[in-house]
Visitor: 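Quick one: the structure is below, and I'll ask about it shortly.
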Amino acid sequence: MAQKSPVTVAHGDGIGPEIMDAVLKILDAAGAQLAIETIEIGEKVYKKGVPSGIEDKSWESLRRTQCFLKAPITTPQGGGFKSLNVTVRKSLALYANVRPCVSYHPYVRTTQPTMNMVIVRENEEDLYAGIEHQQTDNVVQCLKLISHTGSERIIRYAFEYARTNGRKKVTCISKDNIMKLTDGLFHKTFDRVAKEYPNIETNHLIVDIGAAKIAAAPHIFDVVVTENLYGDIISDIAAEVAGSVGLCGSSNIGKHGAMFEAIHGSAPDIAGKGIANPSGLLNAAVMMLQHLHQEKVAEKIHNAWLRTIEDGVHTGDIFNPQVSTQRAGTKEFAQAVIERLGEQPRYFKPVIFGEGGKMQLPEVAVPAAAVKKLEGVDIFLHWRGDAPIETLANQLKALSNSLKLSSIDSRGLLVWPQAAAQGESGDHWRCRFTAANDTAPVTHEQIIHLLQSISKAGLDFIKTENLYSFNGTRGFTVAQGQ
Ligand code: NAD
C-alpha cells in the first residue's frame, strides 16, 4: 500500500463541517492515502481572542504537513481581526493561486457552454503588498511592486501547469501599455519563458479587453497567467460566467506548502440544513490529490463526480427541473458520487490525470547585478502655495546648485516647464532633478545636500525616489506630456 500523505484538515464554519464531512467520505471511499491531522480555525478561534483565527499548535501541523485542505470560514464582523487567508498565504509563501473555471453545460446553467479555462494568479506581490501611505492632505498612495523572481516563478508555474495538464495555450494578461516598467517586466518575462515551450501557443492581452473577452467569449482561453489584482478580478468574472461559483475549487501553491479550498464562503444562510453543495471543496480536494501525486484516485473521484452531475443528481443550488433527476442534500450527493466511483462520465469527456509527468519548477534566481548608474532623483513635495508653479520652480532652481531641476508634475501630469494640462492644482508635486552636466553621475551626497536645502527653505519633502539606469537602460518613466 502506498505511503499515506500527511494533510492538515480544517472543517471551518457555517456549511464548512457539512461539506468537509461529505468530501472526506468520498476521499476515503476512493482509496485516497491520507494521514489527516485536524485543526480548528475561524470563528471559534477568533472568539477565543486569537486575532489571526489560527492557533500556534495548528501552525505546527501546517508546517509539518505542508498541505492544507480548508473548508470556508466566517470572517467575524468588526475590527481587530486579521484575514486568516492572508496569514496562511504569507506564512506558507503561497505564490500561485490556481482556479479552474469550467462550465458543465447542459447540466449546470451557464451562458458559456464550452468554457474550460484555468486562471493562474500571482499571489504575493503587486498592489496587494499593502504598502500604502497618506502623503498630503489630498493624496494617498499604494505601491505596486513587481519582481523578476515573482513574475518568472508564476509564469513558469503557468507553463508547467499547461504542459503537465495537456493544455495547449497560455495567455498573459497585463496592462503594459500604461505601466511600462512593472507590467512591462511581467509581459517581457512571459515572452522570455514562452520560448522554452514551443509546443504551447501563447498570446498577450491588455487586462481591459482580456476581462471583456473572458466575460463574452471565455472559450477562446485555456490557461491565463496574470498579476495579483487582475487575477483577483478576472477569476471571479470567470467563475461567475461559468455558472459554477458553487462548484469551483482552487489551489494555492507555495514554496513551503499548499492550500486547497472551495471558492465560496461559509454560506451561513444555509448552514446546518444539510443542503450545501460539497462540489467546490471536492474539486479542491481533487487538485490536492494531484498535488500529492495520487493522480489515479483524483481521476476516479472527478470522473465519478462528472457522472453524478450528468445523471442529474443535483444539490438545490444547481437544481434545474429540465435536467435534474434528484434534488440531493449534501450527504445524498456524496453518496451518489461514492456509488459512481470507478464509472466514467458518458456526456463529459473523462479526465485523465498525471500523463504529463511532474512539474519542473526550478529555483528562480535574482538577476545578475547590472551596471547601475544614479541619474537623478524625484523629490515629492507637499506644497499648496497660492502662487503659480513657476514660483516653486524658481525656488527649487535656486536651491539645486549641483543638480538641475528638469520637470515638475502633479500625479504624473507635467506642469513645468510646459504644462500638459491647464490649471492643474493640488498639493502633491513630483520634482525631478537630474545631473547638471549630462555625463557626470549623480551622487547620494548631492541628493542629501539638496534635501537639506529644501528642508531649510521650509519646503516639505514627503518622499524621494532615486532615478537609475541599469546597463544603460533607463529604469524610470517620464511624466505624461513630457
Ligand atoms: P458565500 O459564498 O458564503 O455565499 C453566497 C451565496 O452562495 C449564499 O446564498 C450561499 O447560500 C450560497 N452558497 C455558497 N456556497 C454554497 C454551497 N456550497 N452550496 C450551496 N449554496 C452555496 O458568500 P457570503 O455570504 O458573502 O459570505 C459568507 C461568509 O463567508 C462571510 O463571513 C465571508 O467573509 C466568508 N467567506 C469565506 C471565504 C473563505 O473562507 N475562503 C471565502 C468567501 C467568503
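The structure displayed is predicted, hence computed values, not measured ones. In listed order, ligands and their atoms are each counted from 1.
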Visitor: Which atoms of ligand 1 sit under 4.0 Å from any heavy atom of P72?
Guide: 40 (O)

Visitor: With only distance considered, is P268 within less than 3.5 Å of ligand 1 through an N or O on each side?
Guide: no

Visitor: Numbering the atoms of ligand 1 from 1, which are under 4.0 Å from a heavy atom of E261?
Guide: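 Those qualifying, in numeric order: 41 (N).
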
Visitor: For atom 1 (P) of ligand 1, which protein heavy atom lies nearest, and how many Å away is it?
Guide: G265 N, 3.5 Å

Visitor: Would atom 7 (O) of ligand 1 count as contacted, meaning some protein heavy atom under 4.0 Å?
Guide: no

Visitor: For the side-chain contact (heavy atoms from CB on, under 4.5 Å) test, which of D176, I173, I155 pairs with H187?
Guide: D176

Visitor: side-chain hydrogen bond (donor to acceptor under 3.5 Å, both in side chains) for D126 and Y230? Distances and angles first, verdict last.
Guide: CA-CA 10 Å; D126 191 1; Y230 310 140; over 6 Å; no

Visitor: Scan the protein's non-hydrogen atoms and note whether one is under 4.0 Å from atom 43 (C) of ligand 1.
Guide: yes

Visitor: Please compare I41, I275, D269 and report which has the shortest non-hydrogen distance to atom 10 (C) of ligand 1.
Guide: D269

Visitor: Quick check for you: to the nearest 0.5 Å, what is the distance between T330 atom OG1 and E18 atom CD?
Guide: 5.5 Å

Visitor: Suppose the criterion is salt bridge (Lys or Arg N to Asp or Glu O under 4.0 Å): which pairs have a residue in residues 272-283, not counting sequence neighbours?
Guide: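 Non-adjacent pairs meeting salt bridge (Lys or Arg N to Asp or Glu O under 4.0 Å): zero.
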
Visitor: Which residues satisfy the salt bridge (Lys or Arg N to Asp or Glu O under 4.0 Å) test with E196, sequence neighbours excluded?
Guide: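 Partners of E196 by the salt bridge (Lys or Arg N to Asp or Glu O under 4.0 Å) criterion, ordered by chain and then number, come out as R156.
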
Visitor: Quick check on contacts: which atoms of ligand 1 are under 4.0 angstrom from a heavy atom of K70?
Guide: 39 (C), 40 (O), 41 (N)

Visitor: Numbering the atoms of ligand 1 from 1, which are under 4.0 Å from a heavy atom of N85?
Guide: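 Every atom of ligand 1 under 4.0 Å from some heavy atom of N85: 41 (N).
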
Visitor: Please list the nearest protein heavy atom to atom 16 (C) of ligand 1 with its residue and the distance rounded to 0.1 Å.
Guide: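 Looking only at protein heavy atoms, the one closest to atom 16 (C) of ligand 1 is I15 CD1, 4.0 Å.
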
Visitor: Hey, do the aromatic rings of Y104 and F348 have their centres closer than 6.0 Å?
Guide: yes

Visitor: For the 3.5 Å polar cut-off, considering only N or O atoms, please tell me whether I263 and ligand 1 meet it.
Guide: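 The answer is no, given that I263 and ligand 1 share no N or O pair closer than 3.5 Å.
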
Visitor: If we ignore angles and hydrogens, is there a donor and acceptor under 3.5 Å between the side chains of H204 and S174?
Guide: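 Yes, a side-chain donor-acceptor pair sits under 3.5 Å.
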
Visitor: Counting the benzene-type ring for Trp, do F159 and F190 have ring centres under 6.0 Å apart?
Guide: yes

Visitor: Using a strict cut-off of 4.0 Å, indicate which atoms of ligand 1 neighbour a heavy atom of I270.
Guide: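 Those qualifying, in numeric order: 11 (O), 20 (C), 21 (N).
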
Visitor: So which heavy atom in the protein is nearest atom 31 (C) of ligand 1, and how far is it from that ligand atom?
Guide: T75 N, 4.2 Å

Visitor: Using a strict 4.0 Å threshold on nitrogen-to-oxygen distance, state whether K296 and E299 make a salt bridge.
Guide: yes

Visitor: For residues H291 and F260, establish whether the separation of their ring centroids is below 6.0 Å.
Guide: yes

Visitor: State the atoms of ligand 1, each with its element, that fall below the 4.0 Å cut-off from a heavy-atom position in I73.
Guide: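 Counting atoms of ligand 1 from 1, those under 4.0 Å from I73 are 30 (O), 35 (C), 36 (N), 37 (C), 40 (O).
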
Visitor: Taking the six-membered ring for Trp, is the centroid-to-centroid distance between H428 and F380 below 6.0 Å?
Guide: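 Yes; F380 has its ring centre under 6.0 Å from that of H428.
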
Visitor: For residues K70 and N85, is any side-chain donor paired with an opposing acceptor at under 3.5 Å?
Guide: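 Checked: K70/N85 side chains pair up, N/O donor to acceptor below 3.5 Å.
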
Visitor: Can a non-hydrogen atom of A276 be found less than 4.0 Å from any atom of ligand 1?
Guide: yes

Visitor: Minimum distance, heavy atoms only, to atom 18 (N) of ligand 1: which one of N277, I318, D317 is it?
Guide: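 Closest candidate by heavy-atom distance is N277.
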
Visitor: Indicate whether atom 25 (O) of ligand 1 is within a distance of less than 4.0 angstrom of some protein heavy atom.
Guide: no

Visitor: May I ask you to check whether A262 has an N/O atom sitting below 3.5 Å from an N/O atom of ligand 1?
Guide: no

Visitor: Give me the residue, atom name and distance of the protein heavy atom closest to atom 30 (O) of ligand 1.
Guide: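 Protein heavy atom at minimum distance: S266 N, 3.0 Å.
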
Visitor: Give me the nearest non-hydrogen protein atom to atom 12 (C) of ligand 1 as residue plus atom name, then the distance to 0.1 Å.
Guide: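 Nearest protein contact, heavy atoms only, for atom 12 (C) of ligand 1 is A267 CB, 4.4 Å.
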
